[in-house]
Chemist: 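Shown below is the structure under consideration.
Computed from a predicted model, the values in this text were never measured in an experiment.
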Amino acid sequence: ILLVKNFYNLMKPRVMSLVVFTALVGLVISKNEIDLVSSVLALFFVAAGAGAAGALNMWYDSEIDAIMSRTCLRPIPLGKISNNQALYFGIFLTLVSVIGLYLVSNILSASILALTIGFYIFVYTIWLKRRSVQNIGESDENGDWRKRREWCDWREWREWREWREW
């Protein structure tokens with residue numbers, strides 16, 4: 001059971017829940033009538049695809065995660081899951097989710113899921129995350145980002161105050 005929990009955490013469940021909610025909204029507002037079983041299965045495969053992206057992200061970032069305070073308690077840095085296990089799990093989930101969504105839904109949905117996983121891994125994780133401070137979390141890598149943000153907040157407040165007094 002503990003191993004299952006570690007693999008579940010590897011899939012970044014908080015991020016996964018946002019993706020599933022977005023897919024659910026799409027199903028609800030769809031003009032087409034979709035049966036309940038297909039809807040539930042489609043949501044499951046979308047969740048698996050989001051989990052695959054999370055697992056592959058953690059696999060790629062495992063060295064950085066080990067030294068950052070925000071991420072050092074993730075399954076790979078703690079040694080509860082090996083890098084290879086995370087990689088194979090992410091690839092397995094990618095294949096299952098894309099093929100499953102194709103079988104339950106259609107080629108367009110499966111293609112969009114595959115492109116989304118690819119974008120998250122290759123564009124965000126590998127390319128943008130290391131080259132920009134404009135990513136989701138503040139890390140120890142860019143510690144002076146907090147100082148720059150505070151300076152910007154102070155500057156905006158000062159400009160607002162000057163404008164208001166004018």
Chemist: Does any non-hydrogen side-chain atom of M58 lie less than 4.5 Å from one of I81?
Modeler: no
Chemist: Could you grab the distance from atom CH2 of W127 to atom CD1 of I121, nearest 0.5 Å is fine?
Modeler: 15.5 Å
Chemist: Check the pair L87 / N83 against side chain to side chain contact (heavy atoms under 4.5 Å, CB included), numbers first and verdict last.
Modeler: CA-CA 6 Å; L87 175 62; N83 275 342; over 6 Å; no
Chemist: Using side-chain contact (heavy atoms from CB on, under 4.5 Å) as the criterion, point out the one residue from V15, T125, I126 that pairs with N57.
Modeler: T125
Chemist: Are F89 and F7 an aromatic pair, judged by ring center distance below 6.0 Å?
Modeler: yes
Chemist: Can you find a pair of side-chain heavy atoms, one from F45 and one from V96, that are under 4.5 Å apart?
Modeler: yes
Chemist: For the residue pair C72 and A66, what are the closest heavy atoms and their distance?
Modeler: CB-O, 3.8 Å
Chemist: Can you name the nearest heavy-atom pair linking V104 to A42, along with the distance?
Modeler: CG1-N, 4.0 Å
Chemist: Mind jotting down which residue pairs meet the side-chain hydrogen bond (donor to acceptor under 3.5 Å, both in side chains) criterion with at least one end in residues 106-118? Sequence neighbours excluded, please.
Modeler: S105-S109, N106-S109
Chemist: Taking the side chain as C-beta and beyond, is there a heavy-atom pair between V46 and S97 under 4.5 Å?
Modeler: no
Chemist: If two hydrophobic side chains count as joined below 4.5 Å and joins carry through other members, does F44 share a cluster with V37?
Modeler: yes
Chemist: Quick one: does S39's side chain get under 4.5 Å of L24's, heavy atoms only?
Modeler: no
Chemist: Give, for atom CG of L41 and atom CD1 of I34, the distance between the pair rounded to the nearest 0.5 Å.
Modeler: 12.5 Å
Chemist: Can you tell me how far the OH atom of Y60 sits from the OH atom of Y124, to the nearest 0.5 Å?
Modeler: 13.0 Å
Chemist: Could you state the interatomic distance from CD1 (I112) to CD1 (I117), rounded to the nearest 0.5 Å?
Modeler: 12.5 Å
Chemist: Hey, any chance L93 and I99 share a hydrophobic cluster, counting ILVMFWY side chains that come within less than 4.5 Å of each other, even indirectly?
Modeler: no
Chemist: Tell me the closest heavy-atom pair linking L43 and V20, and the distance in Å.
Modeler: CD2-O, 3.8 Å
Chemist: I need the minimum non-hydrogen distance between I76 and A86, along with the two atoms involved.
Modeler: CD1-CB, 3.5 Å
Chemist: Verify the cluster assignment for M68 and L73: are they in a single hydrophobic cluster under the rule of side-chain heavy atoms below 4.5 Å apart?
Modeler: no
Chemist: Looking at residues at least two apart in the chain, or sitting in another chain, which of them share a side-chain hydrogen bond (donor to acceptor under 3.5 Å, both in side chains) with S38?
Modeler: D35
Chemist: Decide yes or no for L10 and N6: does some side-chain heavy atom of the first lie under 4.5 Å from some side-chain heavy atom of the second?
Modeler: no
Chemist: With the side chain counted from C-beta on, respond yes when F21 and M16 share a heavy-atom pair under 4.5 Å apart, and no when they do not.
Modeler: no
Chemist: Compare all side-chain heavy atoms of Q85 with those of K80 and state whether any distance is below 4.5 angstrom.
Modeler: no
Chemist: State the CH2-CD distance between W59 and E63, to the nearest 0.5 angstrom.
Modeler: 10.5 Å
Chemist: Indicate, with yes or no, if L101 and F92 share a hydrophobic cluster defined by side-chain heavy-atom contacts under 4.5 Å among Ile, Leu, Val, Met, Phe, Trp and Tyr.
Modeler: yes
